[in-house]
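Atoms within each ligand, like the ligands themselves, are counted from 1 in listed order. These numbers come from a predicted model, not from an experiment. We're numbering straight along the sequence, starting at 1. Reckoned from all heavy atoms, side chains included, excluding hydrogens, waters and symmetry mates.
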Amino acid sequence: FVEPFLHEKVYNHGHAAATIDPKKVIGEALHRRVGAIDHEMCDPGDEDTFYVADLGDVYRQHLRWKKNLPRIRPFYAVKCNPDPKVLKLLAELGTGFDCASKTEIEQVLSMGASPDRIIYAQPCKTNSYVRFVKSMGVKQMTFDNADELYKIAKLFPGAKLFLRIMTDDTSSLCRLSMKFGAAMDTTEGLLSLARDLGLNVVGVSFHVGSGASDPMAFWKAVRDAHIVFQQARERGFSMRTLDVGGGFTGDTFEDMAAVLDGALDEFFPTGCGVDVIAEPGRYYVSSAFTIACNVIARRTVEDPTLDGKGYMVYVNDGVYGNFSSIMFDHQNPVPKILRCGGETMYNKPGARPVPAGEGVEYSIWGPTCDGIDRIAESVRFDPVLDVGDWLYFEDMGAYTKCSATQFNGFSNSHDVIYVCSEPGARALIDL
Ligand code: PLP
């Protein structure tokens, strides 16, 4: 690649200094912020929900990527979390960016990234956006249907096109092939049309679905991509890039990577002249972000099925806000106690939910007037929560704040406190 894949500063300093305990760094930031609030006298909004983002976590995920998939250059999927400091760090680390809209492309270009570090990975594009990317020199883009080819032939015939193919995404949390991807029995026709229109098809892309759980989905998709490469060659195209999309999660990354790497060795061995890129989103940011919410109200529930008494607890964020991931991303965020009765509890045993039969039962609700605004149906804690206490939720970096609304007039723009548990990453960012 022309751009350095991993910034040389990382090679020089990245491994020298040891990781600082991430829990310690995050816990200190959470407690410092909450401890500074005068809950009796504060201004409206001073006790608003806030994030702590550990950029060291993002950095570690990058090193993990490099270790397991050294052949594949990641193009971070900006839609997942367009946090400016995350983008800056990834830009320094040499990744590319997968953008879906004009705003995302502008954000990446405004950091000084060159247009060839962007792939406009949206198979159904807005006309005016196609004109915009042409004017900006962003050439790489995906397509999956004939109408889009006619659009591109009219508006940006010099674009570098990736044919996005359909995948088996049945094992994923968010299925994308219901909406995008050319079926395998249409790819030959699309390639012939692209040739007849004089367009430049440079590669194949796919996405196995966000939050994928079956590694074989990658194997099948790479096999299908290989078939399309052959079809393209028969039509005079010389494809040079395979884009294996997103779908990676931190929990299963090594398993996914092993199968994907094996599939690449089988169908696109090193030296075959094909570069491989990917569009990971959630993998990079999910575990880096922790959110803290304030308990704003409590309702006592007298219910014999709750062995006596339970509570409905209302916090100042919910499914219309940063917990939009419950609706859109099929997540079940786990509440933990940050502060209870003035005592700080981050990462202490008492912070975690207790099993059935122990403690007190709670349901956790968001602040809007809608009944679907519920974060957790049932969770048990040992200490008794009351108004003014704080909860925290980990793994809140992916598809959360980017899809938060302002429903009921609640803000969707919350403070992010940045910390960095990796000394090696500090040289690359301003905290
Ligand atoms: N690429 C495309 C085209 C997508 O639509 C998405 C998510 O919707 C991604 C990449 C990122 O996927 P993930 O967060 O699962 O890695």
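- Using a 4.5 Å heavy-atom cutoff, the side chains of D373 and W365 are not in contact.
- At a 4.0 Å heavy-atom cut-off, the residues surrounding ligand 1 are A77, K79, D98, A121, R164, L176, H207, S210, G211, G246, G247, E279, P280, G281, R282, Y399, listed by chain and number.
- A cation-pi arrangement is not found for R64 relative to F253, the charged atom failing to lie both closer than 6.0 Å to the ring centre and inside a 45° cone about the ring normal.
- In this structure, the ring of F218 has its center less than 6.0 angstrom from the ring center of F248.
- Checked against side chain to side chain contact (heavy atoms under 4.5 Å, CB included), L190 has the following partners two or more places apart in sequence or in another chain: F143, A146, L149, L163, A182, T186.
- Contacts of Y320 classified as ring-ring contact (aromatic ring centres under 6.0 Å, His included), with partners at least two apart in sequence or in another chain: F407.
- With sequence neighbours excluded, the residues satisfying side chain to side chain contact (heavy atoms under 4.5 Å, CB included) with R233 are Q230.
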